[in-house]
Structure formats: structure tokens, C-alpha cells
Amino acid sequence: PTEPPSPQEHGLDFQRLLDASTYKELFRQDMIRWGEEKRQSDPGFFCRAAVEGALQPVWVVSDTRRLSDVEWFRDAYGDVVQTVRVVASEETRKRRNWVFVTGVDDAESECGLDQGVAFDWVITNDGDEVALGEQLEMLVQSLHRSL
């Protein structure tokens, strides 16, 4: 069998893979399979790629999706790691046009952190900009104090 495409290894248009285009959908299942194969053989593959060359005192690594990602960062960087989960009610998510899709929204890539992680911060984003701003300000102040 041929190896599934990855943008760098297979000359794909990375920008077009970032949008919701038909182009992306042509390669989506292959990209997922390729990613899962990489994670199975090396759980830290994508985590190491995310931090390669980073020198800033504070990093924001968005969109971790698996317990193995959180564990990798905690093992590599210890107590300085702060985990943040952003939540919204199902009602809010539906207002934002989210529709549950079996096989997608119940997959590890979407709900792998629903259990097993004690998050340092849980931010609620239900559309109240003032409440969201207050929560984010508390997080930012805490980060500044730890520098």
C-alpha cells in the first residue's frame, strides 16, 4: 500500500488543507490515517514538531487532542505546563452550526481529553464576551506572575 499523504512529504498545498474546501476533503481520511500511524509508532512526533526551535518564555500549544499529547508536555516540561480547556454548552455549539457526526465527534481526535485530564484552567465560551474576557484576564495575570 502507498503511504497516505502528508503536506511536507507529498507536496500538497498546505494552505488549501487548512480551509473547508473539497481539496481538503479529498485527502482528509488519508491525512487522519497518516497521523494515526505516526502517533502509534511515536506518540511524541507531533509534540516535538510543535516545539522545535521555540525559544519564547510562554508558548500556547493549541488544539491538543489526546491524553498522550498532554502527558508528553508534562513529562518534557514538568510543572511549568498549564493546561487550559475551553468549553461551550451543547446549545451554544449548535447555535454555532455544530452538528454531531457519529464516527467523527465521538472519535479520540475529538473527545480524547474529555476524561483523564485535570485541567489547570477551564474557560467557558458561551458567547458572553465580558465573562470570557474576565476568565482570560485571570489566566494571563497568572502567567505573568509565573514568569
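Below, each value reflects all heavy atoms present in this structure, side chains not excepted, and no hydrogens, waters or symmetry copies. Note that the structure is a prediction, hence the values are computed from the model and not measured.
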Student check: side-chain heavy atoms of Asp114 and Arg85 closer than 4.5 Å: yes
Indicate yes or no: at least one non-hydrogen side-chain atom of Asp42 is less than 4.5 angstrom from one of Arg48. yes
Are Val84 and Val87 linked, directly or through other ILVMFWY residues, by side chains that come within less than 4.5 angstrom of each other? no
Can you tell me how far CZ of Arg74 sits from CG of Leu67, rounded to the nearest 0.5 angstrom? 8.5 Å
Within 6.0 angstrom of Asp79 CG, more than 12 heavy atoms from elsewhere: no
Please check if the side chain of Asp126 supplies one atom and the backbone of Ser89 the other of a donor-acceptor pair under 3.5 Å. yes
Same hydrophobic cluster for Val80 and Val51, using side-chain heavy-atom links shorter than 4.5 Å among ILVMFWY? yes
Ignoring hydrogens and angles, state whether a donor on the side chain of Gln40 or Glu36 is under 3.5 Å from an acceptor on the partner side chain. no
Would you mind listing the cluster partners of Val60? Hydrophobic ones only (ILVMFWY), side-chain contacts under 4.5 Å, chaining allowed. none
Under the salt bridge (Lys or Arg N to Asp or Glu O under 4.0 Å) definition, can you give me all pairs with a residue in residues 94-109, not counting sequence neighbours? Arg66-Glu108, Glu90-Lys94, Glu91-Arg95
Flag side-chain contact, heavy atom, 4.5 Å: Arg65 against Leu113: no
Enumerate the residue pairs fulfilling ring pair (Phe, Tyr, Trp, His ring centres under 6.0 Å) with a member in residues 65-99, sequence neighbours excluded, ordered by first and then second residue. Trp59-Tyr77
When you compare the side chain of Trp121 with that of Gln135, does any pair of heavy atoms fall below 4.5 Å? no
Paired with Asp69, the side chain to side chain contact (heavy atoms under 4.5 Å, CB included) test is passed by just one of Asp63, Thr64, Val61, namely Thr64
Can you find a heavy atom in the side chain of Phe45 that is under 4.5 Å from one in the side chain of Arg39? no
Going only through I, L, V, M, F, W and Y residues with side-chain contacts under 4.5 Å, is there a path from Met138 to Leu136? yes
Taking Thr83 for the side chain and Asp120 for the main chain, is one N or O donor matched with an acceptor at less than 3.5 Å? yes
Do Ile123 and Leu132 come close enough that some side-chain heavy atom pair is under 4.5 Å? yes
